[in-house]
Structure formats: C-alpha cells, structure tokens
Trainee: 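Attaching a single structure in structure tokens format; questions to follow.
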Amino acid sequence: MQSRIVLLVDLDYFYAQCEEMRQPSLKDKPVVICVYSGRTEDSGAVSTANYVARKYGIHSGIPITLAKKKLKDAKIEGVFLPVDLPFYKKISDKIMEILRDYADHFEQVGIDEAYLDVTQRTKANYLQAEDLARKIKNNVLTKERLTCSVGVGPNKLVAKIAADVKKPDGLTLVRAHDVASFLSPLPVRRLVGVGKKTEKKLETLNIRTVGQLSRFDIQRLIEVFGRKLGTYFHNASNGIDDTSVQERSMPESLSRISTLKENTKNLSIILDKVFRLCDEVHAKLAQRGLVYRSVSIFIVAEDLSVHSRSKTLENPTSNIKTFKKTVSELFEKFFTESGLEARRIGVKVSNLTKKETEQKQLMNFF
DNA sequence: GAACAGAAAAC
DNA sequence: CCTCCTTTCTGTTC
C-alpha cells in the first residue's frame, strides 16, 4: 500500500468539555479543570481550560493561583473544578468504541485522541474521507454530546497537525499534493516532538518554520539533535511519516507520582506515602494481568529538579512485597546519598509482560 | 547488549 | 507558583 488516508480525532478541551456536558450552564463561563496538589488551598496546576478561559491566557500547566489571578484582573467569575478522571474515562471509552467502528486500523493515544487508518473503506479517496469525518463528528455529537476536531491526511504526522490548525469543532483535509504548502509556513512548534527547548535550539539555527527546517542540511541536524531526532526532523518537515496506525496492547510502564504536604527527606514519612502509591500501581498491574521486572522511584526535589533510581529484578513478578521492598531500598539509598529534600515522589514498574497462567507456561515449556 | 539516569515532549 | 502519566531517546557504564 503506497497511499494512505489517516484521520486524527481529537476531543476538544476534553476534561472541561465533559464538565460542560454534565452541567450545561457552565458553557458560557471560564471553566478550569485543576489538579490540586494539597500543599495549600490553591496549590496545583491547570489540567485543561475551556475556550472561554483560554481567552484570558489560562491553559494547561499554569499554576491554579495564576489562573485565578488572571480572571480576577479581568473581573470575571470563573469555575474551578478538580479533575474527575473516572467520569472522563467512561465518556472516553464510549467515544473510542464509536471511533473504532469507523477505522480499518485504530490507535488510541491518551484519553482524548485517536488515529484512524481509513484507506480501505474510503478507497484512498479524500472526498469519501471527508464524508466519513463528518459522520464521525456527527455521531460523537449526537451520541455523546461532545465536539471534536478532525485532521485528515496521508499519514499520522500530517493528520495530527491538520487537526491542530482548526479547533475546536474543526475539520481539516490535507491531500498528499498539498502537504508541502500546508506545512512550510507553520512554526516548527507545530511538529510533534518540538517543545519549548527544541524550539529554542532550532531558533539559534535560524529555523522558525517547517519550511526552513525542511531546507536545512540533514547532516547538520543530526550533529545538533542526534541521529533519531535529526532524521525525524528532516522527514517530518517534509511531511514524510511511514509509521503505521497500530493498536498498542500492552503499556510499557505504570506509574504514580504525588506531591508531599511539605518538603522532606524523612524516610518514614516518604515510605508511608509511597507505599500507597505502590498499592495503586499494583492494583492496575493486577487488573491488567501484568508482571513487572523493573522498579523505579522518582524524586522531584525542592528546586524542581527531577531524579530517578531504578532496579531490575532477576525474574518478572507481580509480588507487592517485592515491589515495596525494592522501592524502600531505592529511596533509602537515594536520600542517604543525595541529602536532597523531596517535593514530590513517585514509583514506577516497567519491563512489563503478560502474567501467564500455569497452563500457558506449561504449554510454552513443551 | 543490558542496565541505569536524565532530558524532553505530549497529554 | 510549578500536576500527573507515559513514551522515547541519549550518553554512560559495565
């Protein structure tokens, strides 16, 4: 197969839109969905804001206190709500089920995005793909009362950027023939993989647009960004992306991180908190029938520097005691060696495999 | 080639 | 003032 059609469906300002749906009177107000850290009354960060709130410079990642200040300065009343992940997850699951039915190949990315390869069912025809995209938007709206933005392109990269340029409630088609003219004026920041740091670095090379990036010498890109990223930038800026739309069945890792009430290096305080995180990770592990072989801990220090330590075990296991014991040892070692105070702490299991039944293990043995 | 630590990004 | 979760890549070390 040489020419594909890929859709990226992005649920608009998802958490905030879920809350608007549950309580339609919110729709004309700034809605700010928050992750409260529990340090002080309003400590924490903004997870998602609706477009009314965005007009006042409120977007994901900024401190809740700053978001409140912005609305106060504008003399506007806002609605601040804590994230209700189980509620959003239920809605997401229902929508993903709808989307799946429209795809030859389906790949969910996060809670609010999915790629659909629709090459076969549209016979690689963009008019049919546009028709399909409209049906999807309609279906999601009537069944779940939520809007989404859809990008249609010859690959995942272009579909993603296409969905990005018009939202909320957008539909953008970019035919293979139009890829170069579509991409070249866009700022490099639009490319997946270009964040704040990389944008800065590219700017020192006088690269601000995707077009400028596409004309830049690939060897030099590799020197500056390394083999993978350098090659990726060259291809991406030229609209080239061969990655397939593929469901990922097993997660690579499961983790939980949490903010401490106050900074500390007191091991018993930390372990008390961290063991609860272990229990939560373990519950998820058991629920998915997975075993782990590596255990990691995370420490975000007072100065927000991030540190990690990890240990790989001899054999895969699902044992919670092994998990907690390994975590304890890693934390003890970290704090005796570093002397840092922790602001946030986390745990992670990785190197995951399916827990096999004894039946299956026997079968594999023979 | 595996294990480990850190950086960066996206969500 | 600064959340949470996951993936991918890089350099280093053994």
Trainee: Tell me whether the OP1 or OP2 atom of C:dC2 has a side-chain N or O from A:R343 closer than 4.0 Å.
Mentor: yes

Trainee: What is the nucleic acid contact for A:L313, judged by heavy atoms within less than 4.0 Å: base, sugar-phosphate only, or nothing?
Mentor: nothing

Trainee: Indicate, with a heavy-atom threshold strictly under 4.0 Å, whether A:V109 touches base, sugar-phosphate, or nothing.
Mentor: nothing

Trainee: With heavy atoms under 4.0 Å as the rule, sort A:T48 into base, sugar-phosphate or nothing.
Mentor: nothing

Trainee: Applying a 4.0 Å non-hydrogen cut-off, can you work out what A:R248 is touching in the nucleic acid: base, sugar-phosphate, or nothing?
Mentor: sugar-phosphate

Trainee: Mind checking if A:T198 touches a base, just sugar-phosphate, or nothing, with heavy atoms under 4.0 Å?
Mentor: sugar-phosphate

Trainee: A:L254 near the nucleic acid: base, sugar-phosphate alone, or nothing, with a heavy-atom cut-off under 4.0 Å?
Mentor: sugar-phosphate

Trainee: Indicate, with a heavy-atom threshold strictly under 4.0 Å, whether A:L304 touches base, sugar-phosphate, or nothing.
Mentor: base

Trainee: Relative to A:F87, does A:R22 satisfy both conditions: NZ or CZ under 6.0 angstrom from the six-membered ring centre, and within 45 degrees of the ring's axis?
Mentor: yes

Trainee: When you compare the side chain of A:T198 with that of A:F225, does any pair of heavy atoms fall below 4.5 Å?
Mentor: yes

Trainee: Could you check whether A:V300 gets within reach of a base, just the sugar-phosphate, or nothing at all, counting any heavy atom under 4.0 Å?
Mentor: nothing

Trainee: Pick base, sugar-phosphate or nothing for A:S294, based on heavy-atom distances below 4.0 Å to the nucleic acid.
Mentor: nothing

Trainee: For a quick check of understanding: with a heavy-atom distance under 4.0 Å over all strands, which category does A:R293 fall into, base, sugar-phosphate or nothing?
Mentor: sugar-phosphate

Trainee: Picking from B:dC4, C:dC1, B:dA5, which would you name as closest to the side chain of A:R309?
Mentor: B:dA5

Trainee: Within the structure provided, determine whether A:R288 and A:L352 are in side-chain contact (heavy-atom separation under 4.5 Å).
Mentor: no

Trainee: Quick one: does any side-chain atom of A:S253 pair with a main-chain N or O of A:V349 as donor and acceptor, under 3.5 Å?
Mentor: no

Trainee: Quick one: label A:S47 by what it contacts on the DNA or RNA (base, sugar-phosphate, nothing), any heavy atom closer than 4.0 Å.
Mentor: nothing

